[in-house]
Amino acid sequence: MGEKKSLPLNKIITGDAVEVMKSLPPGSIDLIFADPPYNLQLKDELWRPDLSKVDAVDDEWDQFENFKAYDRFSRAWLSAAKRLLSENGSLWVIGSYHNIYRVGKILQDLGLWILNEIVWVKTNPMPNFHGVRFTNAHETLIWAKKSEESRYTFNYHAMKAFNHGKQMRSDWLLPICKGKERVRIEGETAHSTQKPEALLYRVLVSSTNPGDVVLDPFFGTGTSGVVAKRLHRQWIGIERNPTYVKVAQERIETVQPEPYQEGAFDIRDKKRLAPRIPFSRLLEHGYLKPGQRLYFQKKAEQAATLKPNGKLRYGDYEGSIHQTARHIQNGSPINGWDHWYFKNNEGEMVVIDRLRERFREKMG
């Protein structure tokens, strides 16, 4: 916590991403969202068939001498990013086919552990005007934790709301940034690679909690700061272009989030936050009895006998509710609380998790 107190929270720092990151205290950041230069390697101007010029990414900040130079840049900022992440922190980095594979290799070489590859499928992509390739209709996000051992944040149940109540998928269908959301200066696009707020919304909802610190080392026009402010997350932006800094600052100042209310912005799963209850406690307090039969997924042919120490005996096998369930499923990980049932006084099958909930309520 001491490291976080010394952070320049909710501010944009003007400067080079790597140098600024080196100045921040190690282990102080909960999540880093990075939208680095893509190194698009554009050689010539792009023109549509009607001879109108395409507003392509030809900015100075996206130009590198060669792949070797880009790799040096990527290793430098990724090393700085890993140093800043808390032990249970995670990193999101977005890119295209031009750079994401190089970035992915380097972050793995540095010991970061990839959790997911998310494909942002653009519902309104820019077409390939000359018909010489497939239309580039997606970008890739890599989600990685600091190390293989990190206990990262993932609001699994909250993300189901974005997929009709079902497990959230790794393909996200969202439009590119257009219309009123697109920031413009005197009618011209302010930033060539501005990301849609909806994309950042999913990133922050999935892997942060209220009060977490989000760092964006390539802040641009500040989309990550806008979304973080709305969600009551702390944020830090790093941007070397003074024009972008001004645009981002003005943009974020217009955001008026709803007042913070205890619990209103916390979308963590209540079961995961609830006090842990050893299964044997249900035996100690008489909610279940030694010798009682429990039924895996309500199946009479998959019944196990409950032993006085809370272990289950299933044929010749003995183990916890989780181990025995995994044994029945041939090694597939499974949460026993959700799959073992007992018969109540009316002979109805009831999942044992109901007993755990009842015990928690009684114990306060």
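None of these values were measured; they are calculated from a predicted model. Heads up: numbering here begins at 1 and tracks the sequence.
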#### Entry: Heavy-atom neighbours of Y317 OH exceed 12 at 6.0 Å
yes
Do any side-chain atoms of residues 280-296 form donor-acceptor pairs under 3.5 angstrom with protein atoms, and if so which ones, sequence neighbours left out?
residue	atom	partner	partner atom	Å
Q292	OE1	K289	N	2.9
R293	NH1	T305	OG1	2.8

### Message
Whether D109 and K105 form a salt bridge (side-chain N of Lys/Arg under 4.0 Å from carboxylate O of Asp/Glu) is what I want to check.
### Response
yes
### Atom pair CZ/CH2 of F154 and W143 - distance to nearest 0.5 Å
5.0 Å
### Query
Sub-3.5 Å donor-acceptor pair from the side chain of N155 to the main-chain atoms of V205, do we have one?
yes
### Contacts of type side-chain contact (heavy atoms from CB on, under 4.5 Å), residue N136, not counting sequence neighbours
Y97
### Query
Given T243 and I185, is the side-chain contact (heavy atoms from CB on, under 4.5 Å) satisfied, shown in steps?
CA-CA 10 Å; T243 301; I185 302 175; 3.8 Å; yes
### Message
Surrounding CD of E258 (heavy atoms of other residues, nucleotides or ligands, distance under 6.0 Å), is the total greater than 12?
### Response
no
### Message
If you apply the rule side-chain contact (heavy atoms from CB on, under 4.5 Å), what do you find for R83 with M21, and how did you get there?
### Response
CA-CA 9 Å; R83 171 185 165 275; M21 283 195 283; 5.8 Å; no
### Query
When hydrophobic residues are tied together by side-chain contacts of less than 4.5 Å, even through go-betweens, does F218 share a cluster with V183?
no
### Message
Between Q194 and T189 (side chain of the first, backbone of the second, donor and acceptor by atom type, cut-off under 3.5 Å), is there such a pair?
### Response
no
### Task
Could you tell me whether the side chain of S206 reaches within less than 4.5 Å of the side chain of R202, counting heavy atoms only?
no
### Query
After noting the C-alpha distance and the side-chain angles of W340 and F279, does the key distance pass the side-chain contact (heavy atoms from CB on, under 4.5 Å) rule?
CA-CA 12 Å; W340 287 104; F279 179 65; over 6 Å; no
### Task
Mark yes or no for whether D16, through its side chain, and V18, through its backbone, hold a donor-acceptor pair below 3.5 Å.
yes
#### Entry: Pairs meeting criterion salt bridge (Lys or Arg N to Asp or Glu O under 4.0 Å) with involvement of residues 210-238, two or more places apart
E197-R230
### Query
Any donor and acceptor pair, going by atom type alone, linking the side chain of Y70 with main-chain N or O of P37 inside 3.5 Å?
yes
### Task
Evaluate whether atom CZ of R182 has more than 12 neighbouring non-hydrogen atoms of other residues, nucleotides or ligands under 6.0 angstrom away.
yes
### Message
Is it the case that atom NZ in K160 sees more than 12 heavy atoms from other parts of the structure closer than 6.0 Å?
### Response
yes
### Message
With heavy-atom distances below 4.5 Å as the criterion, would you say the side chains of I100 and I142 are in contact?
### Response
yes
### Query
Crowded around R184 CZ? As in, over 12 foreign heavy atoms under 6.0 Å?
yes
### Task
Determine whether the aromatic ring centres of F33 and W235 lie less than 6.0 Å apart.
no
### Task
Heavy atoms only: give me the nearest L107-A144 pair and the separation to one decimal.
CD1-CB, 4.1 Å
### Message
Tell me whether the count of non-hydrogen atoms from other residues, nucleotides or ligands lying under 6.0 Å of CD in E186 goes above 12.
### Response
no
### Task
Identify whether L173 and W120 are in the same connected component of the hydrophobic contact network (ILVMFWY, side-chain heavy atoms under 4.5 Å).
no
#### Entry: OH/Y201: more than 12 non-hydrogen atoms of other groups inside 6.0 Å
no
### Task
Answer yes or no: is there a donor N or O on one side and an acceptor on the other, between the side chain of K82 and the main chain of L110, under 3.5 Å?
yes
### Message
Looking at Q323 and S320, would you say the former's side chain and the latter's main chain have a donor-acceptor pair under 3.5 Å?
### Response
yes
### Query
Counting only heavy atoms not in F134, do more than 12 fall under 6.0 Å of its CZ?
no
### Message
Tell me whether D353 is salt-bridged to R356, with the criterion being a basic N under 4.0 Å from an acidic carboxylate O.
### Response
yes
### Query
Got a salt bridge between E318 and K307, using NZ or NE/NH1/NH2 to carboxylate O under 4.0 Å?
yes
### Task
Take R251 and T223, measure what side-chain contact (heavy atoms from CB on, under 4.5 Å) needs, and give me the verdict at the end.
CA-CA 9 Å; R251 184 182 175 199; T223 303; 3.0 Å; yes
#### Entry: F73/F64 under ring pair (Phe, Tyr, Trp, His ring centres under 6.0 Å): CA gap, chis, key distance, verdict
CA-CA 9 Å; F73 163 77; F64 293 82; 5.1 Å; yes
### Query
Where do W113 and S150 land on the side chain to side chain donor-acceptor pair (under 3.5 Å) test, with the steps shown first?
CA-CA 9 Å; W113 193 263; S150 298; over 6 Å; no
### Message
With ring pair (Phe, Tyr, Trp, His ring centres under 6.0 Å) as the criterion, how do Y260 and H232 come out once you've worked through the C-alpha distance, each side chain's angles and the decisive distance to 0.1 Å?
### Response
CA-CA 7 Å; Y260 184 79; H232 287 277; 5.2 Å; yes
### Query
Are any of the side-chain heavy atoms of T208 and L231 separated by less than 4.5 Å?
no
